[in-house]
Protein chains: 2
Amino acid sequence: MGVAEGEPAGRDQADGRKLELRVWLRMLATTKLISQEIRRRLRTEFGATLPQFDLLAQLDREPDGLRLGEISKRTMVTNGNITGLVGRLEADGLISTETPGDDRRVTVARLTEAGRTAFAEMARVHESWLRELMADVDPKTCATLVGSIDQLQRSARNHLSEEE
Amino acid sequence: MGVAEGEPAGRDQADGRKLELRVWLRMLATTKLISQEIRRRLRTEFGATLPQFDLLAQLDREPDGLRLGEISKRTMVTNGNITGLVGRLEADGLISTETPGDDRRVTVARLTEAGRTAFAEMARVHESWLRELMADVDPKTCATLVGSIDQLQRSARNHLSEEE
DNA sequence: TATTGTTATACTCTATAACTATA
DNA sequence: TATAGTTATAGAGTATAACAATA
């Protein structure tokens, strides 16, 4: 979890047994490092949190809005906590909610015009932060990473506790 | 942030401009997916949290213990919050603290015997979880990932806000 | 009965700043 | 004055479970 691994770099290939652990520890540390920086900047520049940004990003690509349960799945935030997140964003005027159809249990959230405008700017700046933070990464490495991480994500999904 | 990217997979290489963003979003989502699972298991099996596990792991590789400030750096947890973490772990009997030298400002934490035993078991099981979750990942991909993520971490470190 | 979402709760993490004691 | 760590505080995240309304 921590940054320092405290082990020589040369034996990465040799010691295959703990390779998964090494990948995970590095990934966790790196993600923590970057996400702390991104969270800090989101807060100071936009007064937003990462889960809020994530939620807005999901709605931004769905002009018709999303049901709260679907938002919960996509953001990996539990239903009960979506209620609070949506409440805060609605209070800020960035999203609105409605019950669109006949099923009165359903709530759909979507971006307001103000929310769409605000998110566009946030996304633009956010992307530039990532380019900046990853400036020293070889583009080929970058391209490889996308696929490798996808593979990792699929594997993890397949082996979560007892489902599907 | 979210899991679904909602874009066709084929253009990863073509659209180089947003490659950094794509890497980051996938990495964040994957890390969240896995760490939620790991946190859940740590809690149910050992009553521990991820930051606690991280702290214990740092102490496990330092038989002489670590100063709190050093723990703070390695775990990327602020000084003020280390106090609380250390307090909880000490209350559980897993670590002990002392002022070893003449400088009475310094506090060093180290694993107790019980803590070392408990962590050994936690680490063993934790490693098996990772092997399980990453079972479908090609070993070569795994080996590549270690280096790629290291490169990414170094880049991010170099471009954090105004330091070093 | 199952589903959608809300409420309630408890705990932890996260971040900041002011503070104490020591050097 | 600078450093090591503590205390205080505020706000969010995280997880669980019980619950209401609807289907």
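A, B, ... follow the sequence lines: proteins, then strands. Residue 1 opens every chain.
- S155(B) approaches D136(A) most closely through the heavy-atom pair OG-N, 3.0 Å.
- Across the protein-nucleic acid pair, R41(A) atom CZ and dA15(C) atom C1' stand 17 Å apart, rounded to whole Å.
- In this structure, G69(A) reaches the sugar-phosphate backbone alone: every heavy-atom distance under 4.0 Å involves primed, P, OP1 or OP2 atoms, never a base.
- Cluster annotation: V86(B) and V108(B) are assigned to distinct hydrophobic clusters (Ile/Leu/Val/Met/Phe/Trp/Tyr, side-chain heavy-atom contacts under 4.5 Å, transitive).
- A salt bridge is absent between D138(B) and K140(B); no separation between the charged side-chain nitrogens and carboxylate oxygens falls under 4.0 Å.
- At a cut-off of 3.5 angstrom, the base of dA12(D) holds no donor-acceptor pair with the side chain of N81(A).
- Whole-Å rounding puts the I38(A) CD1 to dT14(C) P distance at 16 Å.
- The shortest distance between the side-chain N/O atoms of T49(B) and the OP1/OP2 oxygens of dC13(C) is below 4.0 Å.
- In this structure, R67(B) does not reach the dT3(D) phosphate: none of its side-chain N or O atoms is under 4.0 Å from OP1 or OP2.
- Considering only side-chain N and O atoms, R43(B) lies nowhere under 4.0 angstrom from the phosphate OP1 or OP2 of dA10(C).
- Atom-to-atom, CG of L85(A) to C1' of dT7(C) comes out at 16 Å; the value is rounded to the nearest Å.
- Across the interface with DNA chain C, nearest-nucleotide mapping of D103(B) and L68(A) shows L68(A) to be the residue nearer the 5′ end.
- Follow the hydrophobic side-chain contacts under 4.5 Å out from L85(B) and you reach M76(B) in the same cluster.
- Between R39(A) and dC13(C) there is no side-chain polar atom (N or O) within less than 4.0 angstrom of OP1 or OP2.
- Using a 4.0 Å cut-off, no side-chain N or O of R40(A) falls inside it from OP1 or OP2 of dA15(C).
- We find that CD1 of I71(B) is positioned 10 Å from P of dT6(D), with the value rounded to whole Å.
- Place R104(A) and Q52(A) on DNA chain D by their nearest nucleotides, and Q52(A) ends up nearer the 5' end.
- Along DNA chain C, the nucleotide closest to T44(A) and the one closest to D102(B) are compared, and the more 5′ of them pairs with T44(A).
- Summarising the geometry, the separation between CG on N79(A) and C1' on dT7(C) is reported as 13 Å, rounded to the nearest angstrom.
- In this structure, the ring of F119(A) has its center less than 6.0 angstrom from the ring center of F53(A).
- With dG5(D), dA15(C), dA12(D) as the candidates, the nucleotide lying closest to the side chain of T83(B) is dG5(D).
- Side-chain contact of E90(B) with T97(B): a donor-acceptor pair under 3.5 Å is present, judged by distance alone.
- Checked by distance alone, R105(A) brings a side-chain donor or acceptor within 3.5 Å of a matching partner on the base of dT3(C).
- If you measure from atom CZ of F53(B) to atom P of dT12(C), you get 18 Å, rounded to the nearest angstrom.
- Remark: C1' of dT12(C) and CG of L42(B) are 14 Å apart, rounded to the nearest angstrom.
- K32(A) places its NZ atom 9 Å from the P atom of dC13(C), with the value rounded to the nearest Å.
- The side chain of Q36(B) has dA15(D) as its nearest neighbour among dT14(C), dA15(D), dG5(C).
- The side chain of T78(B) approaches dT16(C) more closely than any other nucleotide in the set dG13(D), dT16(C), dG5(D).
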